[in-house]
Undergrad: 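Quick one: the structure is below, questions incoming.
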Amino acid sequence: MKILVTGGTGYIGSHTVVELINAKHEVVIVDNLVNSSKDVLDQLKEITDRHIDFYEIDCTDEKLLEPIFKNHQFDGVIHFAGLKAVGESVVMPLNYYHNNVLSTIVVSNLALKYQVKKFVFSSSATVYGDQEVPFVETMNLLPTTNPYGETKAMSERILRDVAHANKDFKVSLLRYFNPVGAHESGLIGEAPNGIPNNLMPYVSRVAKKKLEFLSIFGNDYDTPDGTGIRDYIHVVDLAKGHVLAIEKLKDSIEVYNLGTGQGVSVLELVHAYEKVNEVKVPYKIVERRPGDIASSYANPNKAFKDLGWKAEKTIFDMCKDAWKFEKHYQEK
Ligand code: NAD
Ligand code: UDP
């Protein structure tokens, strides 16, 4: 298939590009580079030994994006392009609604206009809010506490309606849990600017002694060791889920959790990281972070049943590859 990957130079998008090419698909990337760099294209070339068509375009700009659809006959679109920082979305809600919701409207509108039949969308476990774990696709979505989560729930809603109204347009909504780790080459991974917000990149910076210690946000949750539980999933497993989702998409609208189904606490992750990488990660327990929930993990059975997909990599693989990328990235 010929597939348009929006946000393809970003963290999850770049790993998915690699897996799409491994699976013999043709890929075109559109990204406005607001949270990634052109260097990723060189890394992708090194990993895949392929030239990949790239357009630096904002997906909210229909006029600029339309020629890409006109000139390539895409079989499918994977729409990753979006802003993803929860805290920032609270401070700049309009940026988030504008960028994330409008890009979904523009990209799906062009997909319809140019008869692209398959559309895969990056959603998030955040749409479940704080409900009983494990989260299952059939649960109602809970109003989220931040604009970022709302943009995901709204985009899901829009795409459902579009799929219902257009019988040849098939949509897969993928709800990611906590993507971590990096490609085993160490060439691509998550490279946040400034001080990371997320746990794994923060742990990597502490291990590298770029940051002094990790602040663990609360050890008084109702979990076995008191620290927050999440379903960390290796980004390469996640990327493979996209390949299967687009290849096997057949219903009008499908929704899948992409997670391992296993909850890991903050302390468990820190200890796994120290053990597998033989490094020290000093930490301090601090106050809970506002908006955090105690536990989030998937019931991933539907993806296995329908797509034959399940996460293969362990928390040790995730920590090992995150560290490898951190070393590579920092040395550059
Ligand atoms: P990322 O920031 O690394 O990648 C997103 C890419 O989209 C970036 O390269 C950015 O430059 C690009 N982009 C943003 N707005 C754009 C626009 N208007 N036009 C063109 N390009 C644009 O983030 P990621 O972690 O790879 O996330 C990919 C998608 O998955 C996002 O939609 C994100 O919300 C979603 N998601 C991420 C996580 C996570 O924890 N990483 C979890 C759930 C869902
Ligand atoms: N966390 C932490 N210290 C940090 C960053 C995160 O203790 O510096 C905890 C956070 O409270 C949550 C887990 O690690 O329990 C995962 O947080 P992250 O921001 O990576 O993902 P989230 O699930 O919040 O999207």
Side-chain angles (χ1 to χ4, degrees), residues 5-16 29-38 40 55-61 64-65 78-87 89 95-96 98-104 106-107 120-127 146 148-149 151-152 155 173-180 188-193 195-203 205-206 211 213-219 221 223 226-233 235 238-239 242 258-259 263-270 283-297:
V5 180
T6 74
T9 46
Y11 174 45
I12 307 170
S14 59
H15 289 81
T16 302
I29 297 177
V30 166
D31 200 300
N32 66 357
L33 303 178
V34 68
N35 198 36
S36 55
S37 127
K38 256 194 180 149
V40 170
Y55 300 92
E56 187 177 340
I57 289 174
D58 191 314
C59 290
T60 61
D61 192 330
L64 287 180
L65 198 56
I78 308 183
H79 180 43
F80 290 102
L83 300 174
K84 62 163 182 177
V86 172
S89 79
N95 284 17
Y96 274 68
H98 178 86
N99 194 72
N100 293 4
V101 179
L102 186 57
S103 69
T104 300
V106 166
V107 177
V120 174
F121 176 66
S122 300
S123 189
S124 166
T126 187
V127 297
N146 59 76
Y148 167 73
T151 68
K152 292 296 171 190
S155 294
L173 305 173
L174 303 182
R175 294 179 182 155
Y176 314 153
F177 281 69
N178 286 57
V180 294
I188 51 172
E190 189 173 19
N193 290 328
I195 296 178
N197 290 311
N198 295 112
L199 181 63
M200 186 70 95
Y202 203 106
V203 166
R205 296 285 164 88
V206 174
L211 293 167
F213 62 88
L214 168 72
S215 296
I216 294 185
F217 301 139
N219 66 349
Y221 284 106
T223 61
T227 64
I229 285 185
R230 295 291 182 273
D231 184 339
Y232 298 96
I233 172 165
V235 65
L238 188 65
H242 289 73
L258 296 184
V264 171
S265 76
V266 178
L267 280 173
E268 283 172 334
L269 185 144
V270 168
Y283 65 83
K284 290 184 186 167
I285 307 291
V286 301
E287 290 287 286
R288 289 182 181 192
R289 183 170 64 178
D292 275 358
I293 59 176
S295 293
S296 160
Y297 57 90

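Only this structure's heavy atoms are used, side chains among them; waters, hydrogens and symmetry mates stay out. Heads up: numbering here begins at 1 and tracks the sequence. All ligand and atom numbering here is 1-based and tracks the order in the structure.
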Undergrad: Which atom names give the shortest non-hydrogen contact between Val86 and Tyr148, and what distance separates them?
TA: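 That would be CG2-CD2, 3.8 Å.
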
Undergrad: For ligand 1, list the protein residues that place a heavy atom within a distance below 4.0 Å of one of its atoms, sorted by chain and number.
TA: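 Within 4.0 Å of ligand 1, protein side: Gly7, Thr9, Gly10, Tyr11, Ile12, Asp31, Asn32, Leu33, Val34, Asn35, Ser36, Ile57, Asp58, Cys59, Phe80, Ala81, Gly82, Lys84, Asn99, Ser122, Ser123, Ser124, Tyr148, Lys152, Tyr176, Pro179.
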
Undergrad: Is there a side-chain contact between Glu56 and Lys38, using heavy atoms and a 4.5 Å cut-off?
TA: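 Yes; the side chains approach each other to less than 4.5 Å.
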
Undergrad: Grab the two heavy atoms, one from Ile285 and one from Gly218, that are nearest each other, plus how far apart they are.
TA: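 Heavy-atom minimum between the residues: CG2-C, 4.3 Å.
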
Undergrad: Testing the basics here: between Phe121 and Ser155, what is the closest heavy-atom pair and its distance to 0.1 Å?
TA: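 For Phe121 and Ser155, the tightest heavy-atom pair comes out as CZ-CB, 3.4 Å.
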
Undergrad: I want to check something: taking the side chain as every heavy atom from C-beta on, are Ser14 and Thr9 in contact at a cut-off of under 4.5 Å?
TA: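 Ser14 does not reach Thr9 side chain to side chain.
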
Undergrad: In the structure I gave you, are the side-chain heavy atoms of Leu83 and Asn100 within less than 4.5 Å of one another anywhere?
TA: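 Side-chain contact under 4.5 Å: yes.
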
Undergrad: State which residues pass ring-ring contact (aromatic ring centres under 6.0 Å, His included) with Tyr11; sequence neighbours excluded, sorted by chain then number.
TA: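 Only His15 meet the ring-ring contact (aromatic ring centres under 6.0 Å, His included) criterion with Tyr11.
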
Undergrad: Got a sec, which residues hit ring-ring contact (aromatic ring centres under 6.0 Å, His included) with Phe80, two or more places apart in sequence or on another chain?
TA: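 ring-ring contact (aromatic ring centres under 6.0 Å, His included) check on Phe80 returns His242.
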
Undergrad: Between ligand 2 and the protein, which N/O pairs fall short of 3.5 Å?
TA:
{"residue": "ligand 2", "atom": "3 (N)", "partner": "Ser215", "partner atom": "O", "Å": "2.7"}
{"residue": "ligand 2", "atom": "7 (O)", "partner": "Phe217", "partner atom": "N", "Å": "2.9"}
{"residue": "ligand 2", "atom": "11 (O)", "partner": "Asp292", "partner atom": "OD2", "Å": "2.6"}
{"residue": "ligand 2", "atom": "17 (O)", "partner": "Arg289", "partner atom": "NH2", "Å": "3.4"}
{"residue": "ligand 2", "atom": "19 (O)", "partner": "Asn198", "partner atom": "ND2", "Å": "3.1"}
{"residue": "ligand 2", "atom": "19 (O)", "partner": "Arg289", "partner atom": "NH1", "Å": "3.4"}
{"residue": "ligand 2", "atom": "19 (O)", "partner": "Arg289", "partner atom": "NH2", "Å": "2.8"}
{"residue": "ligand 2", "atom": "20 (O)", "partner": "Asn198", "partner atom": "ND2", "Å": "3.4"}
{"residue": "ligand 2", "atom": "20 (O)", "partner": "Leu199", "partner atom": "N", "Å": "2.9"}
{"residue": "ligand 2", "atom": "21 (O)", "partner": "Asn178", "partner atom": "ND2", "Å": "3.1"}
{"residue": "ligand 2", "atom": "23 (O)", "partner": "Asn178", "partner atom": "ND2", "Å": "3.0"}
{"residue": "ligand 2", "atom": "23 (O)", "partner": "Arg230", "partner atom": "NE", "Å": "2.7"}
{"residue": "ligand 2", "atom": "24 (O)", "partner": "Arg289", "partner atom": "NH2", "Å": "2.9"}

Undergrad: Checking the side chain of Thr6 only, and the main-chain atoms of Ala81 only, is there a donor and an acceptor separated by less than 3.5 Å?
TA: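 Side chain of Thr6 to backbone of Ala81, a donor-acceptor pair under 3.5 Å: yes, one is there.
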
